[in-house]
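Side chains included, hydrogens not; waters and symmetry mates left out as well; all remaining heavy atoms used. Note that ligands are numbered from 1 as they come in the structure, with each ligand's atoms numbered from 1 the same way.
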Amino acid sequence: MSSLRLGILASGRGSNLQALLDASAKRWISSRVAVVVSDVPEAKALDRARAVKVPAEGIAPSAAVRGPERRRLHERQMLKVLHHFEIDLVVLAGYMRILGPDLIRAYPQRIVNVHPALLPSFPGLNAQRQALEWGARVAGATTHFVDEQVDHGPVILQGAVPARRDDTEDSLSARILEVEHQLLPRTVNLIEEGRVRVEGRRVHIDPGPSWKTRLPVLPDVLYGDGY
Ligand code: GRF
């Protein structure tokens with residue numbers, strides 16, 4: 001088991017970041033959040049980090065530069081911070097921008113994302129609303145490695161929840177979010193334990209102790225293999 005230095009990218013509320021901070025404080029994971037970077041300088045995620053004395057930096061894309069150069073410049077600034085803090089694993093925890101090749105190539109198979117749907121269904125924005133509008137009966141959350149397409153890289157963990165007839169976007173999002181808060185720390189845990197291997201599109205998880213037997217499980221959630 002190794003303790004990884006986590007670099008978190010977050011754009012908003014930061015509840016997934018909080019799940020990682022809590023898991024680290026409770027020693028459910030041995031990795032530590034070493035820095036939080038947000039493209040939104042006033043994001044609540046940054047306050048959550050500062051509240052527990054974790055370095056937090058707001059780096060907004062420059063308003064003076066346009067087009068693809070803007071993202072390149074922005075990512076260069078973020079990379080500088082990630083390198084400075086000697087980050088081993090980058091975690092996208094509600095990071096609402098598409099990553100460009102510079103950042104992705106700097107951390108090959110070392111960037112994970114959490115998405116509020118059962119990928120490959122409903123990639124992109126408003127996944128929970130997409131699921132409801134489609135009439136899906138089952139929804140869920142996915143963690144995956146990040147590649148150069150949106151919400152596309154190899155799946156690590158999934159958890160499924162019912163999508164109910166009377167669900168609103170908010171009620172379904174809340175049900176999914178609880179699962180996100182479990183899957184994301186567990187994903188870090190599996191990676192720090194060296195149990196995750198990527199084989200093409202597929203992720204192989206070496207057998208070992210399950211979190212289902214150690215930590216509370218939620219009713220009506222189907223935890224996919226690896227949890
Ligand atoms: C989560 O649902 C995440 O999957 C999605 O955006 C939301 C972020 O929530 N990408 P939070 O900022 O972690 O609370």
By ring-ring contact (aromatic ring centres under 6.0 Å, His included), which residues pair with Phe145, not counting sequence neighbours?
-> none
Side chains of Leu79 and Tyr107: does their closest heavy-atom pair fall under 4.5 Å?
->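 Yes, their side chains come closer than 4.5 Å.
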Does a side-chain N-to-carboxylate-O contact under 4.0 Å join Arg76 and Glu69?
->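 Salt bridge flag = yes for Glu69 with Arg76.
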For the pair Asp167 and Arg175, find out whether any cationic side-chain nitrogen is under 4.0 Å from an anionic carboxylate oxygen.
-> yes
What residues form a salt bridge (Lys or Arg N to Asp or Glu O under 4.0 Å) with Asp206, not counting sequence neighbours?
->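 Listed in chain order: Arg197.
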Contacts of Asp151 meeting salt bridge (Lys or Arg N to Asp or Glu O under 4.0 Å) (sequence neighbours excluded), chain-then-number -> none
Contact table, ligand 1 N/O with protein N/O, distance under 3.5 Å:
{"unit_1": "ligand 1", "atom_1": "2 (O)", "unit_2": "Glu180", "atom_2": "OE1", "d": "3.2"}
{"unit_1": "ligand 1", "atom_1": "2 (O)", "unit_2": "Glu180", "atom_2": "OE2", "d": "2.9"}
{"unit_1": "ligand 1", "atom_1": "4 (O)", "unit_2": "Val114", "atom_2": "O", "d": "3.3"}
{"unit_1": "ligand 1", "atom_1": "4 (O)", "unit_2": "Glu180", "atom_2": "OE1", "d": "2.6"}
{"unit_1": "ligand 1", "atom_1": "4 (O)", "unit_2": "Glu180", "atom_2": "OE2", "d": "3.4"}
{"unit_1": "ligand 1", "atom_1": "9 (O)", "unit_2": "Arg13", "atom_2": "NH2", "d": "3.0"}
{"unit_1": "ligand 1", "atom_1": "12 (O)", "unit_2": "Gly14", "atom_2": "N", "d": "2.8"}
{"unit_1": "ligand 1", "atom_1": "13 (O)", "unit_2": "Ser15", "atom_2": "N", "d": "3.3"}
{"unit_1": "ligand 1", "atom_1": "13 (O)", "unit_2": "Asn16", "atom_2": "N", "d": "2.9"}
{"unit_1": "ligand 1", "atom_1": "13 (O)", "unit_2": "Asn16", "atom_2": "ND2", "d": "2.9"}
{"unit_1": "ligand 1", "atom_1": "14 (O)", "unit_2": "Arg13", "atom_2": "NE", "d": "2.6"}
{"unit_1": "ligand 1", "atom_1": "14 (O)", "unit_2": "Arg13", "atom_2": "NH2", "d": "3.2"}
{"unit_1": "ligand 1", "atom_1": "14 (O)", "unit_2": "Ser15", "atom_2": "N", "d": "2.7"}
{"unit_1": "ligand 1", "atom_1": "14 (O)", "unit_2": "Ser15", "atom_2": "OG", "d": "2.5"}

